[in-house]
Amino acid sequence: MAKMVIIGGGKAGARAAVALRENGHVGPITLITGEIHAPYDRPPLSKAVITDAGHPPPPFLTDEATLKSINVELIAGTAAQSIDRAGHTVHLADGRTVPYDKLLLATGAIPRRINLPGSDSVRVRYLRTFEDALALRTQIHGGGHVIVIGGGFIGLEVASSARKLGASVTLIEGLPRVLSRGVPEEVAQVVTRRHEVEGVD
């Protein structure tokens, strides 16, 4: 039986594991994620996780017990460090080695890092993980000023969340308009006006 290894604990990795079972794969499946959590959904990180009162849990897609029930092994909290294609093995940061017959890379994207004076400050934050969203929660407050770099979906959602929490917001986009890669110009104009009405500069 072919052993399937999936690197990446986001939506793509989790759904791939479930889909493999649903479509008849009977061999072992291992899902590897460098995060300590079971797979969770990322879109709420820029919205509800930042703005909801209390201490919201990660927006889980599944949990370890559910994965175990369909015979999917979850390795969480240690990242895949290298892949030996000739030896069909994945080497983990904690020193373990995981063999595979088939390998799926579902690692997603990472935020582009800025290289400017002061960019190493604790006041400069990136958003990709649940912990990133929690860190943003602690720094966004009424009376504060938030600068968001990036006018894509995530940047606009963070800007909207910051305004909801009472902060003033300036959004910086290097391209001629927001959502350049996502929607037609007419839609982008509507979104821009809506954010301006809500007080985003």
Side-chain angles (χ1 to χ4, degrees), residues 6-16 33-61 79-80 104-201:
I6 301 169
I7 300 177
K11 182 178 288 187
R15 289 191 171 174
T33 173
E35 296 191 54
I36 61 173
H37 309 289
Y40 61 86
D41 206 9
R42 295 188 190 276
L45 299 182
S46 55
K47 301 184 282 290
V49 174
I50 293 176
T51 61
D52 283 1
H55 301 281
F60 288 113
L61 293 163
L104 173 63
L105 302 181
T107 54
I110 59 173
R112 179 181 176 184
R113 301 274 165 171
I114 57 173
N115 184 20
L116 297 171
S119 61
D120 57 348
S121 167
V122 296
R123 297 171 66 187
V124 176
R125 297 288 183 180
Y126 298 86
L127 179 58
R128 184 177 189 269
T129 68
F130 178 69
E131 282 69 27
D132 292 338
L134 293 183
L136 281 171
R137 281 170 59 95
T138 68
Q139 292 185 302
I140 299 176
H141 53 81
H145 183 204
V146 176
I147 296 175
V148 179
I149 299 177
F153 287 107
I154 296 173
L156 290 167
E157 288 167 357
V158 170
S160 177
S161 294
R163 286 295 299 138
K164 185 175 180 180
L165 293 174
S168 61
V169 179
T170 300
L171 187 139
I172 300 172
E173 169 56 53
L175 296 175
R177 65 174 175 86
V178 302
L179 299 173
S180 295
R181 301 177 185 87
V183 301
E185 184 172 357
E186 294 79 5
V187 176
Q189 289 175 351
V190 172
V191 172
T192 298
R193 285 196 295 270
R194 177 62 184 270
H195 277 71
E196 289 172 343
V197 167
E198 295 298 326
V200 177
D201 293 330

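Ionic pairing of Glu173 and Arg177 is not present here: no N-O contact between side-chain nitrogen and carboxylate oxygen is shorter than 4.0 angstrom.
His37 NE2 to Thr129 OG1: the interatomic distance, rounded to the nearest 0.5 Å, is 7.5 Å. Within the model, atoms OG1 of Thr192 and CG of Leu179 stand 7.0 Å from one another, a figure rounded to the nearest 0.5 Å. The CD1 atom of Ile6 lies 12.0 Å from the OG1 atom of Thr33; values are rounded to the nearest 0.5 Å. In this structure, Thr51 OG1 and Leu136 CG are separated by 12.0 Å, a value rounded to the nearest 0.5 Å. Atom NZ of Lys47 and atom CD1 of Ile154 lie 8.5 Å apart (nearest 0.5 Å).
In terms of the side chain to side chain contact (heavy atoms under 4.5 Å, CB included) criterion, residue partners of Lys11 (sequence neighbours excluded) are, by chain and number, Arg15, Asp41, Leu61. Residues passing the side chain to side chain contact (heavy atoms under 4.5 Å, CB included) test with Ser168 are His145, sequence neighbours excluded.
Under the 3.5 Å distance criterion, the side-chain polar atoms of Thr138 are matched with a main-chain donor or acceptor of Ala135. With hydrogens and angles ignored, the 3.5 Å screen pairs no side-chain donor or acceptor of His141 with any backbone N or O of Leu165. When atom types are taken as modelled, the side chain of Ser119 and the backbone of Leu116 share a donor-acceptor pair closer than 3.5 angstrom. The closest donor-acceptor contact from the side chain of Ser161 to the backbone of Ser46 lies under 3.5 Å.
Inter-residue side-chain proximity for Lys164 and Glu198 is flagged as unmet; no heavy-atom pair is nearer than 4.5 Å. No side-chain heavy atom of Thr170 sits under 4.5 Å from any side-chain heavy atom of Val148. Residues Arg137 and Pro56 meet the side-chain proximity criterion, which asks for heavy atoms closer than 4.5 Å. Between Ile147 and Ile172, some side-chain heavy-atom pair lies under the 4.5 Å cut-off. Side-chain contact between Ser160 and Val200 is absent, with no heavy atoms from C-beta onward closer than 4.5 Å. In this structure, Val158 and Leu127 have side chains that are in contact, with non-hydrogen atoms separated by less than 4.5 Å.
Residue Gly151 comes nearest to Leu171 through the heavy atom pair CA-CD2, 3.8 Å, listed as atom of the first residue, atom of the second, then distance. Nearest approach of Ala133 to Ile50, heavy atoms of both residues: O-CG1, 4.2 Å.
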For this session: Could you walk me through whether Arg125 and Gln139 pass the side chain to side chain donor-acceptor pair (under 3.5 Å) test, one step at a time?
Result: CA-CA 9 Å; Arg125 297 288 183 180; Gln139 292 185 302; 2.8 Å; yes
Problem set entry | salt bridge (Lys or Arg N to Asp or Glu O under 4.0 Å) assessment of Arg163 paired with Glu157 | CA-CA 10 Å; Arg163 286 295 299 138; Glu157 288 167 357; over 6 Å; no
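At least one cation-pi condition fails for Arg128 and Tyr126: the charged atom is not both under 6.0 angstrom from the six-membered ring centre and inside a 45 degree cone around its axis.
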